[in-house]
Amino acid sequence: MHTFDMSIPAGRWVESESEARQWVEYFLKTHSLNNGLGLDSETSGLDLKRDQVIVWSIADVNNRICLPASLIPIFKEPILENPAINFDLTNAKFDAHMFANSGADISLAGEWRNTIVQSFLKNENNQGRHGLKECIVDHFGRTTPTFQEVFGKVPPKKIDKVTGLNLNPTVGDLIRRAFTPPVPPRREDYPDPQLWDAAVLMYNDALHKFQSAADYASLDAYNSHVLRLHFDELLTTIPIRSNYSQAKNLRDYFYQTEVPFTKLLWKLERRGVTVDRGHLLEQSGPMEKEMEEIQREFNRYTGRLMNLDSTENIRWFFFDHLKKTPVKMTKGGTTGIKKASTDFDTLDTWAGQGDEWATKLLRYRSIRKTHGTYVEGLQKWLDPYYRIHTSLNQTGAVTMRLSSSEPNLQNIPRPSEDRFKIREAFIHGPRMKLVVADYEQLEMRLMAHFSGDEKMIGAIRDGTDLHCLTVAEMYGIPYDDVMAAKKAEKAVNDGKRSQPLTEREIELLFYRQAAKATGFGIIYGIGGEHLAANLTQELKRLVTPQEGFDLIKKWFGVFPGVKAYIEEQKMLLWQNGYVETIVGRFRRFGALQGMAKKDAKQAERQAGNAIVQGTAADIAKNAMLLCEHDPELNALGYRLLLQIHDELLGECPEENVVKVKARVKYLMENPFGNDSFGTPLRLSVPLPASVGHGDTWATAK
DNA sequence: GGCGGCGGCACC
DNA sequence: AAACGGTGCCGCCGCC
């Protein structure tokens with residue numbers, strides 16, 4: 001058991017309306033002293049759309065109370081919907097969803113400070129230690145009882161065959177049971193003294209359990225509050241120096257950017273994206289037919305019932321049955337057992353050599369993926385209004401890129417790669433249009449800005465095609481020739497040119513592709529060997545490691561400023577142990593001096609990438625905040641729906657599309673707002689966004 | 001029947 | 001698979 005800590009106020013269970021009103025008075029009188037109240041809820045489950053608050057808790061440094069959901073209305077207007085009252089929570093969006101599900105229109109009007117985000121800003125490397133329990137241990141040295149210790153173990157589901165319902169108690173049942181105050185036994189009901197003694201024992205036990213439940217629930221609210229105060233102090237001591245942020249330290253940055261962003265993400269999750277289920281259903285049949293056909297062919301050929309989803313089965317087929325030789329081995333994971341791989345690279349190699357079975361399996365795999373993850377997978381997430389509500393994780397990536405889950409809407413196939421056009425299933429609400437806005441070459445432009453490379457900046461400002469220029473400079477070919485090849489390719493693709501590409505044009509396009517891949521690779525800190533392997537795959541043409549190294553060397557020769565910048569950042573990394581994004585956020589690595597050479601090299605690559613990727617995330621975040629809070633866009637009925645790293649998906653009434661597009665474009669291109677003189681604060685290169693609209697995500701132009 | 005490792009693969 | 005950064009999810013399979 002956990003020792004009782006005398007420095008922590010005891011949790012009180014509040015049950016009557018009059019008592020609740022007294023607490024409202026108290027918190028209204030004193031909230032300004034604490035600048036925020038800890039808030040937490042115990043809910044019927046984890047479903048963000050359906051589950052509700054059962055009991056909830058509110059706390060300041062001196063008091064913590066726990067109440068049933070039935071008392072929410074008493075707090076609703078004076079506290080919960082009071083814009084002057086801010087809330088300290090852990091995993092804030094979760095509780096906000098539960099409160100929203102629990103009343104007609106319960107919204108928490110003030111700030112939502114999420115201690116997970118604070119913990120992340122303090123040290124993004126503490127993976128798995130950002131939760132409330134972990135932080136309380138790490139920062140205060142206190143342990144907190146676990147859910148299981150207070151409420152008991154949730155038994156496995158026991159599904160009734162007739163009703164399909166779970167016959168065993170659910171999480172919600174355990175919580176409801178724990179928060180039902182026990183009724184004291186009445187003497188007259190127990191004439192037998194032995195029965196009376198037993199009843200008293202049972203009552204005392206139940207009372208103890210009940211009190212510990214109330215204590216536990218209100219402890220989380222209290223802990224969130226004191227942790228928020230603690231992180232405020234810690235983050236204040238971490239200064240940030242940036243011309244692109246008003247914040248002078250990480251605490252200010254948290255309040256200026258991350259706190260409003262939490263609420264923004266919650267709104268996006270709440271809105272959801274409309275999906276045309278019919279489109280998904282239409283794809284399903286043909287996909288299943290095609291997969292079954294391939295399955296039959298394999299069955300016929302082997303005389304066995306093949307499982308094409310099983311790598312063991314596929315290994316048997318290619319290596320034992322067809323006697324093929326492995327192309328490469330699998331990683332082996334933690335067990336270290338390496339097996340012959342059957343991945344895309346392998347199958348593609350064989351397919352290139354004319355192996356029809358490899359070709360068939362590749363086709364099966366691509367359909368299987370799309371069918372399982374998207375066509376069938378997405379339908380599980382539809383709400384009654386045909387909308388999908390993803391979870392947007394503010395601290396999902398070490399670079400503070402967003403991540404999306406349940407379902408992941410950031411990895412929907414691109415239409416150019418997808419025969420089944422899953423993105424066409426993403427549509428707008430009634431009388432609306434989808435508005436899709438993309439940053440163009442954001443990361444490469446950031447590289448130009450950071451490095452100050454004159455040639456790159458000049459080329460971007462002049463509107464030169466960067467990859468064509470790179471080829472021209474690398475090999476001493478006229479820029480216009482390379483550009484002409486690119487245009488010729490487009491003309492052929494658009495059906496505007498009948499004669500095929502000349503050999504020279506194809507050659508130049510190879511070069512351009514190689515230059516493009518090199519540029520991408522440099523942002524990731526690529527090595528020559530890996531670049532060569534990638535290009536061999538991509539171009540279906542042998543590129544030797546030596547050629548890979550030459551490409552990188554030549555690329556740096558064209559943009560020496562980029563080379564110098566990367567070297568400078570490496571030096572700073574060795575010196576400081578961290579790098580910074582444009583708004584002054586950190587990606588920490590610790591002392592590279594103490595690392596194995598291999599790890600230090602990896603840190604160098606990660607650091608170089610973190611600057612660019614993290615800054616792109618900063619920019620997208622700013623753009624989202626500007627769009628969401630822009631009075632003009634709000635008046636035009638624009639609703640931001642999704643972010644896919646450098647792309648914003650939104651919707652607006654049809655008649656406002658032109659105005660909305662112009663405004664979204666402007667805000668995205670000026671993500672840092674104005675400086676103190678009222679002129680837009682810009683980078684050394686423009687950050688153009690292309691904006692389109694349409695009826696589906698795939699067709700918005 | 002739930003969970004986690006693994007291979008594989010979708011996105012930026 | 002690799003000296004390429006960052007994610008999440010599917011189905012299989014073995015384990016408990």
K.L.:
Please pick, from dA10(B), dC12(B), dA3(C), the nucleotide with the shortest atom-to-atom distance to any side-chain atom of Tyr374(A).
P.N.:
dA10(B)

K.L.:
Is the phosphate of dC10(C) approached by Arg368(A) (side-chain N or O, under 4.0 Å from OP1 or OP2)?
P.N.:
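Answer no for this pair, as no side-chain N or O of Arg368(A) is under 4.0 Å from OP1 or OP2.
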
K.L.:
Taking any heavy-atom pair under 4.0 Å as a contact, classify Phe520(A): base, sugar-phosphate, or nothing.
P.N.:
nothing

K.L.:
On a heavy-atom basis, which atom in Val583(A) and which in Tyr244(A) lie closest, and how many Å separate them?
P.N.:
CG1-O, 3.9 Å

K.L.:
For the pair Arg401(A) and Glu443(A), find out whether any cationic side-chain nitrogen is under 4.0 Å from an anionic carboxylate oxygen.
P.N.:
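Yes, charged N to carboxylate O under 4.0 Å.
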
K.L.:
Ignoring hydrogens and angles, does a donor from either the side chain of Lys369(A) or the base of dC9(B) sit under 3.5 Å from an acceptor on the other?
P.N.:
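Indeed, a donor on one side and an acceptor on the other fall under 3.5 Å apart.
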
K.L.:
Which nucleotide in the set dG8(B), dG8(C), dG5(C) lies at the smallest distance from any side-chain heavy atom of Thr342(A)?
P.N.:
dG8(B)

K.L.:
Need to verify one output field. Residue with the more 5' nearest nucleotide on DNA chain C, Gln606(A) or Ser310(A)?
P.N.:
Gln606(A)

K.L.:
Picking from dG11(C), dA3(C), dC9(C), which would you name as closest to the side chain of Ser405(A)?
P.N.:
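Looking only at heavy atoms from C-beta outward on Ser405(A), the closest nucleotide is dC9(C).
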
K.L.:
In whole Å, measure the gap between the P atoms of dC6(B) and dA2(C) for me.
P.N.:
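It comes out at 14 Å once rounded to the nearest Å.
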
K.L.:
Find the distance Leu402(A):CG to dC12(B):P and express it as a whole number of Å.
P.N.:
15 Å

K.L.:
Evaluate the criterion salt bridge (Lys or Arg N to Asp or Glu O under 4.0 Å) for residue pair Asp418(A) and Arg423(A); output intermediate values, then yes/no.
P.N.:
CA-CA 9 Å; Asp418(A) 172 22; Arg423(A) 283 196 189 193; over 6 Å; no

K.L.:
Mind calculating the distance between CD (Glu417(A)) and P (dC11(B)) to the nearest angstrom?
P.N.:
6 Å

K.L.:
I'd like to check Met287(A) versus Phe420(A) (side-chain heavy atoms, cut-off strictly below 4.5 Å). Are they in contact?
P.N.:
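Met287(A) vs Phe420(A): side chains touch.
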
K.L.:
At less than 4.0 Å, is any side-chain N or O atom of Asn307(A) found next to OP1 or OP2 of dC12(C)? Yes or no.
P.N.:
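Yes, such a contact exists.
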
K.L.:
Reading DNA chain C from 5' onward, which residue's closest nucleotide shows up sooner: Gln127(A) or Thr311(A)?
P.N.:
Gln127(A)

K.L.:
Looking at dA10(B), I'd like to know if its phosphate oxygens (OP1 or OP2) sit under 4.0 Å from a side-chain N or O belonging to Thr373(A).
P.N.:
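Answer is no, no contact under 4.0 Å.
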
K.L.:
dC9(B), OP1 or OP2 - any side-chain N/O from Arg365(A) closer than 4.0 Å?
P.N.:
yes

K.L.:
Look at the side-chain N and O atoms of Arg605(A) and state whether any lies under 4.0 Å from the OP1 or OP2 oxygen of dA3(C).
P.N.:
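So the side-chain polar atoms of Arg605(A) never come under 4.0 Å of the phosphate oxygens OP1 or OP2 of dA3(C).
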
K.L.:
Students often get this wrong, so: under 4.0 angstrom with heavy atoms, is Val327(A) touching a base, only sugar-phosphate, or nothing?
P.N.:
nothing

K.L.:
Of the options Trp357(A), Phe344(A), Phe319(A), which is the one that meets Trp350(A) in a ring-ring contact (aromatic ring centres under 6.0 Å, His included)?
P.N.:
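For Trp350(A), the ring-ring contact (aromatic ring centres under 6.0 Å, His included) test succeeds with only one of Trp357(A), Phe344(A), Phe319(A), which is Phe319(A).
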
K.L.:
With a 4.0 Å cut-off on heavy atoms, is Arg423(A) in touch with a base, just the backbone sugar-phosphate, or nothing at all?
P.N.:
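Result for Arg423(A) = sugar-phosphate.
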
